[in-house]
Amino acid sequence: MIFKTITIKDFRQYHGIISVDLQPHGDKNIILIGGRNGYGKTNFLLSLVWCLYGDKISQIDDNFKQEIQKEKNYPAFMRQSLNWQALRDGSNRFSVEITITDVEMPHING
């Protein structure tokens, strides 16, 4: 399984639609996400994990659990995740989409 792209819309500091190509090219099979402090690396990971696990995210890692507890509960955590500029522009939704390729399906006998 290969994560081909992640598209983030109005999630935390990602305002508008941001699409990141995660597919390895040729013999370059490692993707690095880097940047200065406060530029969204952790929220990029958070968006990925949230997309995969939804409201079960607190069961994945203590950091995610603490983040939700800081906001008091999961619905408040979700409200806090909407980009502030998008909220000012009248939006009330954010989204994260992951495109996956090369998924090996299990063989089912019978």
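What's counted below: heavy atoms across the whole structure, side chains too, no hydrogens, waters or symmetry copies. Quantities reported herein were computed from a predicted structural model and do not represent experimental measurements. Positions are given from 1, in the same order as the sequence printed here.
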Side chain to side chain contact (heavy atoms under 4.5 Å, CB included) between Val96 and Thr7, intermediate numbers included: CA-CA 6 Å; Val96 179; Thr7 303; over 6 Å; no
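- Criterion: ILVMFWY side-chain heavy atoms under 4.5 Å apart, direct or through other members. Under it, Trp84 and Met78 are not part of a common hydrophobic cluster.
- Met105 and Ile100 fall within the same hydrophobic cluster, where Ile, Leu, Val, Met, Phe, Trp and Tyr residues are linked whenever their side-chain heavy atoms come under 4.5 Å apart, directly or through other members.
- Enclosure of atom CG in Asn73 by more than 12 non-hydrogen atoms of other residues, nucleotides or ligands within 6.0 angstrom is indicated.
- Interatomic distance, CD1 of Ile31 versus CD1 of Ile2, reported as 10.0 Å (0.5 Å rounding).
- Distance alone, capped at 3.5 Å, is enough to place a donor-acceptor pair between the Lys41 side chain and the Arg36 backbone.
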Stepwise side chain to side chain contact (heavy atoms under 4.5 Å, CB included) check, Asn83 with Phe94: CA-CA 8 Å; Asn83 177 273; Phe94 62 85; over 6 Å; no
Would you list the atom pairs, donor with acceptor, under 3.5 Å between side chains in residues 43-54 and any protein atom, with sequence neighbours excluded?
| residue | atom | partner | partner atom | Å |
| --- | --- | --- | --- | --- |
| Asn43 | OD1 | Arg12 | NH1 | 3.3 |
| Asn43 | ND2 | Gln13 | OE1 | 2.5 |
| Ser47 | OG | Phe44 | O | 2.6 |
| Trp50 | NE1 | Tyr74 | OH | 2.8 |

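- Phe11 and Ile17 end up in different hydrophobic clusters when Ile, Leu, Val, Met, Phe, Trp and Tyr side chains are linked at under 4.5 Å.
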Step-by-step side chain to side chain contact (heavy atoms under 4.5 Å, CB included) determination, Asp89 to Leu87: CA-CA 5 Å; Asp89 293 344; Leu87 180 63; over 6 Å; no
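- One distance of note links NZ of Lys65 with CZ of Phe77; it measures 14.0 Å at 0.5 Å rounding.
- In this structure, the separation between CD on Glu67 and CD on Gln80 is 9.0 Å, given to the nearest 0.5 Å.
- With rounding to the nearest 0.5 Å, the separation of CD1 in Ile8 from OG in Ser19 is 9.0 Å.
- Rounding to the nearest 0.5 angstrom, the gap separating the CD atom in Glu97 from the CD1 atom in Ile6 is 9.5 Å.
- Atom-to-atom distance recorded for Thr5:OG1 and Asp21:CG is 7.5 Å, nearest 0.5 angstrom.
- Residues meeting the side chain to side chain donor-acceptor pair (under 3.5 Å) test with Thr42, sequence neighbours left out: none.
- Judged by distance alone, the side chain of Asp10 and the main-chain N or O of Leu82 form no donor-acceptor pair under 3.5 Å.
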